[in-house]
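Everything quoted here is computed from the prediction, not taken from an experiment. The first residue in the sequence is number 1, and the count goes up from there.
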Amino acid sequence: MNQPPKPSDFSLRRPEKPPSWCRPAGVAPGTWDYVHQGAIADHYDDFVADVAMANVEQQILRDFFPPQEKPGDQTMIDLGCGTGRTAIPLAQAGYDVIGVDLSQTMLQRLSEKAKAADLGGKVAAVRANLVELDCLADHSADHAVCLFSTMGMIAGRKHRRQMLSHVHRIVRPGGIFLLHVHHRWAALREKGGIAATMKSIIKSFDKSEHEFGDSVYEYRGLDQMFMHRFGRMEIERDLQSTGWQVEHCLRLSIDGKRLTMRLPICGGFFVVARAT
């Protein structure tokens, strides 16, 4: 089994991190550490190889974004592209892909992989905060994806809706947006999840900066990683309020190995929305 590196591995290669006051809107302190932790990018592909959801994700991509008859005819934006687990297959399927990430090291790995696959002219790497996508022009892409719960890494509903508004502005009318998020009630199936869920509910009433579904946890050697988990109505309302028409909300099983119709608890959602 491929395993993430031990915390001690990260000390071997730590890119210089800008001071905290440079942290962009919607980027939590733990995410800021993640972005500037170069060793995470080095081991990212091995980590993803062990994630059960990755196979389901690739099948959904093939279903909604089939190979292009005329390569280069459509442009795709991959938001939170990482090292290219989604961008590379989409480029191989004939899409021109713009990979957007805040981690420069991730983008370097993406460019290296695209070049090695002879896709250098099909994949563009753009460093940007997903909340601040002013660098991308209106209607400059046909479709967009934001997978692996990347949107949940954005702190604050205001900031998440700002990101969704940007994507709606960038994607041409009629374009598809494929989004994955974790389900907040899935925590009930985890060790200590019931107590953690109750704590999150109480904090959402007691602290204005905390939203139900927010959590901070240990992740690949980092001890303050931020993640927001969604309710189905929450993510659908966020999309609808920013101009998207929700067409499908596919439920992922708790173990991440398949889509499911089981109620009420699932592991997460793949949401397919269309730009109006």
> Which residue pairs satisfy the salt bridge (Lys or Arg N to Asp or Glu O under 4.0 Å) criterion with at least one member in residues 126-135, sequence neighbours excluded?
Replying inline: none
>> Between H183 (side chain only) and C266 (backbone N and O only), is there a donor and an acceptor less than 3.5 Å apart?
In response: yes
> Got a sec, which residues hit side chain to side chain donor-acceptor pair (under 3.5 Å) with R23, two or more places apart in sequence or on another chain?
Replying inline: none
>> So does Q108 get a backbone contact from the side chain of S111, meaning a donor-acceptor N/O pair under 3.5 Å?
In response: no
> For D142, which residues count as a side-chain contact (heavy atoms from CB on, under 4.5 Å) partner, sequence neighbours excluded?
Replying inline: Q74, T75, R172
> For the side chain of T276 and the backbone of G243, is there at least one donor-acceptor N/O pair under 3.5 Å apart?
Replying inline: yes
>> Give me each pair satisfying salt bridge (Lys or Arg N to Asp or Glu O under 4.0 Å) with a member in residues 266-276, each pair once, sequence neighbours excluded.
In response: E247-R274
> Which residues satisfy the side chain to side chain donor-acceptor pair (under 3.5 Å) test with R169, sequence neighbours excluded?
Replying inline: D138, H166
> With sequence neighbours left out, what residues match D118 under side-chain contact (heavy atoms from CB on, under 4.5 Å)?
Replying inline: none
>> Students often mix this up, so state it plainly: with edges at 30° and 60°, are the rings of Y34 and Y219 parallel, tilted or perpendicular?
In response: tilted
> Please, which pairs that meet salt bridge (Lys or Arg N to Asp or Glu O under 4.0 Å) have at least one residue in residues 195-216, sequence neighbours excluded?
Replying inline: R160-E211
> So E112 and R109, salt bridge (Lys or Arg N to Asp or Glu O under 4.0 Å) or not? Walk me through it.
Replying inline: CA-CA 5 Å; E112 291 166 1; R109 299 292 173 270; 3.5 Å; yes
>> Please check: side-chain N/O of T31 versus main-chain N/O of V27, any donor-acceptor pairing under 3.5 Å?
In response: no
> Side chains of D255 and S253: do they bring a donor and an acceptor to under 3.5 Å?
Replying inline: yes
>> Keeping H143 on the side-chain end and I176 on the backbone end, is there a donor-acceptor pair under 3.5 Å?
In response: yes
>> Run the side-chain contact (heavy atoms from CB on, under 4.5 Å) test against I254 and tell me which residues pass, sequence neighbours left out.
In response: A186, R189, I265
Which atom pairs, one a donor and one an acceptor, fall under 3.5 Å between side chains of residues 80-96 and the rest of the protein, sequence neighbours left out?
from: T83; atom 1: OG1; to: D45; atom 2: OD1; distance (Å): 2.6
from: R85; atom 1: NE; to: E57; atom 2: OE2; distance (Å): 3.3
from: R85; atom 1: NH1; to: Y44; atom 2: OH; distance (Å): 3.2
from: Y95; atom 1: OH; to: P66; atom 2: O; distance (Å): 2.9
from: Y95; atom 1: OH; to: Q68; atom 2: NE2; distance (Å): 3.0
from: D96; atom 1: OD1; to: K122; atom 2: NZ; distance (Å): 2.8

>> Please enumerate all residues that pass side-chain contact (heavy atoms from CB on, under 4.5 Å) together with A124, with sequence neighbours excluded.
In response: none
> Can you list the residues that meet the side chain to side chain donor-acceptor pair (under 3.5 Å) rule with D63, with sequence neighbours excluded?
Replying inline: Q59
>> Using only atom types and a distance under 3.5 Å, with no angle test, would you say the side chain of W244 pairs donor to acceptor with the backbone of F177?
In response: no
>> Going by side chain to side chain donor-acceptor pair (under 3.5 Å), name the residues that satisfy it together with R237, two or more places apart in sequence or in a different chain.
In response: none
